[in-house]
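Below you'll find the structure, written out as structure tokens, and then a few comments.
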Amino acid sequence: MISDALAGRRRGLPELWRKTIRARVRPQGHQAVRPLAAPGYSVVPDSLVPRTPTGGDVSVQDQIDTLRDLPRDALIKDLEQAFGDRPLPAHWRPAAERPDRWLHGYAGALADVWDTTEPLWRRARPLLDREIRRVGVASVRGGPELLLGALNHRITYGERGLLIADVESSTYELGDRKIVLVPMLAGKDAVIVSLDNEDAVWIAYPVPGADQLWHRPAGTAHGELSALMGPVRADLLCAIGQPMTMSMLAGDMQVAPSSITYHCDRLIAAQLISRERRGREVWIARTPRAEELLDIFRR
């Protein structure tokens with residue numbers, strides 16, 4: 001999401017989310033993430049990609065804190081390992097010259113994006129559970145060729161090894177290493193691969209079916225909500241999956257701004273959404289009360 005929305009490397013993230021993330025990340029974060037999508041490069045230091053240890057889960061906040069506190073020497077060493085004997089590319093030099101400042105900005109960008117997208121991840125739990133079952137069945141019945149070839153159109157696995165289609169496309173030999181699959185909530189073309197670990201290869205890919213999460217819950221829950229508050233306000237409440245401006249919401253809903261304002265006023269009166277002015281724009285967001293209401297209809 002960061003690479004797509006902030007660094008400019010488009011990977012299929014819906015435009016509404018791209019705009020929202022750009023608006024929520026602070027300027028220092030915008031500056032820090034630029035090296036992630038420099039033209040002609042796809043390699044980034046491994047320490048900058050949050051990963052969950054194979055022994056158990058680690059919270060996102062713990063990952064961010066670890067990244068923010070990463071010793072400056074560790075970042076510089078990681079950069080040297082990523083680019084080998086080649087001179088450090090110009091886009092990574094600010095990180096090497098002022099590692100503390102850069103790490104703080106990058107960790108801050110991660111924190112801002114997580115604050116924005118955490119509700120989306122909560123709604124993604126059924127998709128993640130379904131993906132666990134799908135991967136299990138494919139592993140037993142089809143082996144690695146079928147499984148890896150079905151993760152994403154940018155990944156191919158065969159006799160020559162693992163082929164990743166990217167800015168710097170290449171083929172890799174996996175050997176006897178474990179393969180750790182990490183389903184992401186990201187654009188449909190997003191793939192992250194970590195190949196430097198001696199024990200395991202990490203492959204992150206978009207979780208199948210994520211398209212249904214970008215706008216509103218599934219039909220049955222939405223229909224019951226419509227019966228409670230009317231179809232327009234149900235659509236509106238479900239569409240505010242993340243904070244957005246009134247104009248963004250009107251465009252997404254394809255409803256006249258005056259009508260959007262009227263229905264938002266009613267939802268504000270019911271304490272289901274909040275409204276905040278930032279400069280010339282008015283931002284709206286669902287309240288905890290609205291989240292509780294939607295959770296009831298998702299069960």
Side-chain angles (χ1 to χ4, degrees), residues 1-15 17-18 21 33 36-37 41-54 56-58 60 63 82 110 113-114 116-118 120-175 177-197 199-214:
M1 287 186 174
I2 284 178
S3 296
D4 191 315
L6 303 182
R9 178 160 289 161
R10 297 297 179 90
R11 286 292 184 257
L13 191 67
E15 185 62 27
W17 280 87
R18 189 177 290 123
I21 289 172
V33 304
L36 300 184
Y41 292 87
S42 62
V43 174
V44 300
D46 272 354
S47 59
L48 304 185
V49 181
R51 292 185 296 180
T52 300
T54 53
D57 289 337
V58 177
V60 173
Q63 294 262 16
L110 286 175
V113 172
W114 178 242
T116 304
T117 59
E118 182 182 7
L120 197 65
W121 264 110
R122 289 202 301 266
R123 298 203 301 273
R125 173 54 61 185
L127 288 180
L128 297 173
D129 291 341
R130 186 176 71 187
E131 181 64 3
I132 291 171
R133 294 192 294 271
R134 186 187 76 88
V135 167
V137 171
S139 299
V140 173
R141 294 183 178 177
E145 294 83 0
L146 177 62
L147 174 60
L148 296 180
L151 294 180
N152 188 270
H153 66 91
R154 291 175 53 210
I155 300 175
T156 305
Y157 184 75
E159 294 182 357
R160 295 178 55 199
L162 182 71
L163 174 63
I164 306 296
D166 205 343
V167 176
E168 301 172 275
S169 297
S170 188
T171 302
Y172 306 93
E173 179 57 50
L174 304 184
R177 290 181 289 178
K178 297 178 181 178
I179 299 174
V180 181
L181 300 181
V182 186
M184 298 187 293
L185 196 59
K188 60 183 177 61
D189 300 322
V191 173
I192 302 174
V193 181
S194 177
L195 297 150
D196 294 333
N197 190 296
D199 300 320
V201 174
W202 295 70
I203 303 175
Y205 61 98
V207 60
D211 289 349
Q212 64 185 270
L213 297 174
W214 298 124

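Only heavy atoms go into these numbers, but all of them, side chains included; no hydrogens, no water, no symmetry mates.
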Pairwise side-chain contact, [X] with [Y], heavy-atom cut-off 4.5 Å (strictly under):
{"X": "Val191", "Y": "Ile155", "answer": "yes"}
{"X": "Tyr205", "Y": "Glu131", "answer": "yes"}
{"X": "Leu185", "Y": "Thr117", "answer": "no"}
{"X": "Ile21", "Y": "Met1", "answer": "yes"}

Report the C-alpha distance between Val180 and Val201 in whole Å, list the side-chain angles of each, state the deciding distance to 0.1 Å, and finish with yes or no for side chain to side chain contact (heavy atoms under 4.5 Å, CB included). CA-CA 6 Å; Val180 181; Val201 174; over 6 Å; no
Which residues pass the side chain to side chain contact (heavy atoms under 4.5 Å, CB included) test with [X], sequence neighbours left out?
{"X": "Ala204", "result": "Val182, Met184, Ile192"}
{"X": "Ser3", "result": "Leu36"}
{"X": "Arg10", "result": "Asp4, Glu15, Arg18"}

Interatomic distance, Ile132 atom CD1 to Arg134 atom CZ [nearest 0.5 angstrom]: 12.0 Å
Measuring from atom CH2 of Trp17 to atom CG of Leu120, what distance do you get when rounded to the nearest 0.5 angstrom? 4.0 Å
Any donor-acceptor pair under 3.5 Å from Asp189 side chain to Arg154 backbone: no
Specify the closest pair of heavy atoms between [X] and [Y], including all atoms of both residues, with the distance to one decimal.
{"X": "Leu127", "Y": "Pro208", "value": "CD2-O, 3.8 Å"}
{"X": "Val60", "Y": "Trp114", "value": "CG1-CG, 3.6 Å"}
{"X": "Pro206", "Y": "Ala186", "value": "CB-O, 4.2 Å"}

Report the C-alpha separation of Trp202 and Leu181 in whole Å, then their side-chain angles, then the decisive distance to 0.1 Å, and conclude whether the side chain to side chain contact (heavy atoms under 4.5 Å, CB included) test is met. CA-CA 6 Å; Trp202 295 70; Leu181 300 181; over 6 Å; no
Salt bridge or not for Asp129 and Arg133, using N-O below 4.0 Å?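 Salt bridge absent between Asp129 and Arg133.
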